[in-house]
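The structure appears right after this line, and notes come after that.
Within every chain, numbering begins at 1; the chains are lettered A, B, ... in the order of the sequence lines, protein sequences first and strands thereafter.
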Number of protein chains: 2
Amino acid sequence: MENTKKTTIHDIAEKLNVTASTVSRALNGNPRISDTTRKAVLKTARELNYEPNQIASALRSGRTQLIGMLVPTINRAFFSSIIRGVEEVANSLDYRVIVSQSNEVFDNEENAVKAFLNARVDGIIASIGKNTQQFDHYEQVLERGLPLVLFDRTTPNLQTSQVVIDDYQGAYLATSHLIEQGCTRIAHFTTERKIDIYKERYRGYVNALEDHGIERDETLIFSGNLQLEDGRSHAQDLLNSGADFDAIFSASDYAAMGAMQVLKEKGLKIPEDVALVGFLNEPFTSFTDPPLTSVNQFPIEMGHTAANLFFNALNSEKKEIVPKKTVLQPELIVRASSLKKKS
Amino acid sequence: MENTKKTTIHDIAEKLNVTASTVSRALNGNPRISDTTRKAVLKTARELNYEPNQIASALRSGRTQLIGMLVPTINRAFFSSIIRGVEEVANSLDYRVIVSQSNEVFDNEENAVKAFLNARVDGIIASIGKNTQQFDHYEQVLERGLPLVLFDRTTPNLQTSQVVIDDYQGAYLATSHLIEQGCTRIAHFTTERKIDIYKERYRGYVNALEDHGIERDETLIFSGNLQLEDGRSHAQDLLNSGADFDAIFSASDYAAMGAMQVLKEKGLKIPEDVALVGFLNEPFTSFTDPPLTSVNQFPIEMGHTAANLFFNALNSEKKEIVPKKTVLQPELIVRASSLKKKS
DNA sequence: ATTATTTATGCAATCGATTGCACAAACAAA
DNA sequence: TTTGTTTGTGCAATCGATTGCATAAATAAT
């Protein structure tokens with residue numbers, strides 16, 4: 001402990017001949033403290049370079065001003081932007097954000113939540129792992145009366161606030177846009193995964209077709225992991241099958257990108273021969289050639305919303321935690337990859 | 001407090017008719033505790049579902065197991081990957097990472113560091129803001145005897161460990177590669193900013209030219225903010241100037257991308273007419289057409305290294321904190337944008 | 001058998017701030 | 001003047017775990 005001895009409320013108290021209680025109250029704006037005393041305390045605190053020890057405060061008050069934030073992968077634009085959004089709101093309210101990543105591994109997810117609880121966070125904001133089927137660790141959070149907000153990857157199994165974007169609407173917009181551009185044979189890349197968001201995108205695709213009187217063709221629907229390679233192989237399969245198609249709506253930008261590569265390699269023109277739309281508005285979409293039309297999910301705003309829901313829950317009477325589900329509206333970002341009609 | 005009452009070491013102690021001290025020691029593997037007692041404690045702890053209260057522990061021991069991590073921008077691939085790297089090491093050692101972003105604003109940086117100190121983090125890993133000229137807030141960290149590790153954006157003004165990549169070497173590799181591809185009139189996009197990393201890249205560029213007997217031409221050097229738009233306008237200027245050039249080495253991928261757009265718009269072929277190399281290996285570089293050659297800085301590994309330096313400092317005798325500077329070697333990722341010679 | 005040493009545990013203070021309850025002083029009401 | 005309120009502080013317990021020092025019991029050394 002060769003650190004310069006930190007000043008505590010006791011030092012301030014001693015100097016002013018009052019007790020630590022008084023100092024504590026003065027610093028916290030308790031109305032029972034006289035103006036004179038309050039000012040003296042604040043002045044002395046400044047003079048002594050006092051900095052509150054949040055750990056001591058946390059132990060006694062039970063509030064750490066920490067939010068545990070769990071994401072599958074920190075270094076993916078979508079998630080890092082959400083973290084950014086949460087951090088912005090949290091910081092402005094003097095809360096700090098602890099981040100952990102699950103890497104889609106259930107054990108990691110469970111451990112992270114436990115670690116958060118041990119660190120005595122005031123609550124958790126999380127996106128559920130792809131393979132998570134069991135939610136005991138989250139139940140524990142709720143049982144302790146802590147706010148829990150789920151974003152993007154949510155589950156109906158937990159009675160808690162969540163924020164998602166309207167994947168159905170995003171897919172509907174994307175598909176409708178392609179139809180408006182004159183496409184009628186629209187392929188779709190999706191995944192088998194049992195995650196709602198992909199089901200919703202699929203539903204939006206199908207409904208848009210139906211609403212425009214276009215029959216769904218199962219041979220145009222491909223299921224995989226939605227990575228670049230999947231997009232490439234789906235495109236290959238499409239071409240090999242000899243199927244008639246004039247557009248692809250991919251539930252992921254990466255798969256769309258894979259398709260773009262293959263199509264270009266085969267000498268096909270985008271969007272003239274095949275129009276392309278992706279999903280997520282990854283940063284790279286504006287840099288492809290042609291730039292890729294995609295669906296923006298406003299991740300930073302999603303982070304803001306998640307944080308707001310969190311603080312709502314935190315400040316509400318514990319008795320009546322009314323789980324609130326917020327659905328954000330996505331936006332179709334139209335770029336050259338889907339613009340057949342030059343307007 | 002309707003939360004299920006958490007079990008404490010006192011509950012365990014009571015049940016076993018020992019004291020809390022014994023329980024604490026047993027849980028912490030203190031050798032002065034008998035095997036019998038230790039086992040009984042561990043068993044009871046499990047039965048009662050005991051979870052240590054890290055806040056209480058932190059208050060007493062002075063160790064919070066928290067690392068404060070400060071980055072300019074969370075949602076940029078380079079930084080989020082570094083966060084990821086740090087998080088991986090930290091988590092494996094049972095430490096948690098609190099992230100804050102400065103957005104390159106000095107006040108934010110200062111406040112974040114103060115907030116970290118108030119939260120009593122065990123140390124800080126940070127990248128300095130572009131405009132930061134004053135380092136008092138970091139000095140405070142060192143004065144308190146806390147480990148401070150700087151990464152990427154560092155400063156010689158602080159006596160502390162740092163990890164950077166060899167920007168000089170990266171630029172040297174990039175420029176040499178262009179020369180090997182037969183380029184002799186290589187433009188360079190850089191910035192006026194007083195940050196070492198860009199100076200180093202500039203130096204690498206110049207030295208590579210010299211070493212290959214190519215004279216530097218000031219009319220081929222452009223300075224700006226290295227964003228997409230800067231790249232575009234530099235490229236425009238290059239073309240308008242009528243200067244003779246057959247390659248561009250940009251100190252940033254974004255500016256390189258801007259140049260690629262403009263060059264393609266003007267009907268120039270890449271790499272045949274102009275070869276292009278960027279810097280940072282942004283995720284989008286593999287998706288451009290042609291894919292952009294760039295310099296990989298291994299951000300995740302940089303995160304690992306930063307974390308390792310951090311724990312070294314944390315575990316070393318406070319007396320002898322030997323600041324250590326680690327220089328990582330970058331790698332040139334050769335893609336089509338610079339491959340004139342098809343090998 | 002006596003003393004010295006080791007082993008295992010307890011005692012009580014401590015980390016620094018918060019907070020319910022008590023209470024003196026000052027002021028208002030009767 | 002007496003009683004009732006309000007105002008401003010103090011007292012002391014508390015949050016839960018850690019740790020230096022003391023000590024009883026068990027074992028080893030003489």
Side-chain angles (χ1 to χ4, degrees), chain A residues 1 3-42 44-45 48-66 94 117-122 144, chain B residues 1 3-42 44-45 48-66 94 117-122 144:
Chain A
M1 284 283 167
N3 329 1
T4 326
K5 202 72 173 176
K6 287 292 297 176
T7 56
T8 72
I9 52 171
H10 293 98
D11 302 326
I12 301 177
E14 195 173 8
K15 189 146 188 185
L16 293 175
N17 266 318
V18 294
T19 61
S21 330
T22 303
V23 174
S24 172
R25 293 194 179 100
L27 291 171
N28 290 316
N30 186 310
R32 300 188 70 79
I33 297 295
S34 74
D35 245 36
T36 334
T37 312
R38 184 191 323 287
K39 277 175 188 154
V41 167
L42 292 176
T44 313
L48 297 183
N49 226 327
Y50 170 75
E51 299 283 354
N53 184 326
Q54 289 194 169
I55 296 299
S57 168
L59 177 58
R60 179 60 228 248
S61 68
R63 280 169 270 112
T64 53
Q65 311 270 104
L66 292 175
D94 249 302
L117 291 179
N118 287 169
R120 293 303 193 268
V121 297
D122 287 346
R144 286 218 204 157
Chain B
M1 284 283 167
N3 330 1
T4 325
K5 203 70 172 177
K6 287 292 295 175
T7 56
T8 73
I9 52 171
H10 294 97
D11 302 325
I12 301 177
E14 196 173 7
K15 191 145 187 184
L16 294 176
N17 267 318
V18 295
T19 60
S21 330
T22 304
V23 175
S24 172
R25 292 194 179 101
L27 292 171
N28 290 316
N30 186 312
R32 302 188 69 78
I33 297 295
S34 73
D35 245 35
T36 334
T37 312
R38 184 192 323 288
K39 276 175 188 154
V41 167
L42 292 176
T44 313
L48 297 183
N49 226 325
Y50 170 76
E51 298 285 353
N53 184 327
Q54 289 195 170
I55 296 299
S57 167
L59 177 59
R60 178 62 228 247
S61 69
R63 281 171 269 112
T64 53
Q65 310 271 105
L66 292 176
D94 248 300
L117 291 179
N118 287 169
R120 292 306 193 267
V121 296
D122 287 346
R144 288 217 205 159

* To do: Grab the CD-C1' distance between A:Gln54 and C:dC15 for me, whole Å please.
  => 16 Å
* To do: Using a heavy-atom cut-off of under 4.0 Å over every strand shown, decide if B:Asn30 touches base, sugar-phosphate, or nothing.
  => nothing
* To do: Mind checking B:Asn17 for me? I need base, sugar-phosphate or nothing, with any heavy atom below 4.0 Å counting as a touch.
  => sugar-phosphate
* Determine the contact category for B:Val18: base if any of its heavy atoms lies under 4.0 Å from a base atom, sugar-phosphate if only primed atoms, P, OP1 or OP2 are that close, otherwise nothing. => sugar-phosphate
* Between the first and last five pairs of the helix from C:dA1-D:dT30 to C:dA30-D:dT1, the angle of the axes, rounded to 10 degrees -> 40°
* Asked: According to a strict under-4.0 Å criterion, is A:Ser57 in side-chain N/O contact with OP1 or OP2 of C:dA17?
  -> no
* Which atoms form the tightest heavy-atom contact between A:Thr64 and A:Val121, and what is the distance? -> OG1-CA, 3.6 Å
* Close side-chain approach of B:Lys6 and B:Asn53, heavy atoms under 4.5 Å -> no
* To do: Round to a whole Å and report the spacing from CD of A:Glu14 to P of C:dA17.
  => 14 Å
* Asked: Is B:Val23 close to B:Val18 at the side-chain level, that is, under 4.5 Å between some pair of heavy atoms?
  -> yes
* Asked: Which heavy atom in A:Ala26 sits nearest to a heavy atom in A:Ile33, and how many Å separate them?
  -> N-CG1, 3.9 Å
* Separation of A:Ile55 atom CD1 from D:dG16 atom P, in whole Å? -> 15 Å
* **Pair B:Lys15-B:Asp11, salt bridge (charged side-chain N to carboxylate O under 4.0 Å, His left out): steps then yes or no** => CA-CA 6 Å; B:Lys15 191 145 187 184; B:Asp11 302 325; over 6 Å; no
* To the nearest angstrom, how far is B:Ile9 atom CD1 from C:dC11 atom P? -> 14 Å
* Asked: Taking atom C1' of D:dT9 as reference, at what distance in whole Å does atom CZ of A:Arg38 sit?
  -> 13 Å
* Structure fact -> Here the distance between atom P of D:dT14 and atom CG of A:Leu59, to the nearest Å, is 13 Å
* Asked: Can you find a side-chain donor-acceptor pair between B:Gln54 and A:Asn118 that sits under 3.5 Å?
  -> no
* Structure fact -> When rounded to whole Å, the CD1 to P distance for the pair B:Ile12 and C:dG10 reads 14 Å
What are the atom names and distances for every N/O pair under 3.5 Å that joins the protein to nucleotides 19-23 of chain D?
{"residue": "D:dT19", "atom": "O4", "partner": "B:Ser21", "partner atom": "OG", "Å": "3.2"}
{"residue": "D:dG20", "atom": "O6", "partner": "B:Arg25", "partner atom": "NH2", "Å": "2.5"}

* Rounded distance (Å) that lies between atom P of C:dA17 and atom NE2 of A:His10 -> 7 Å
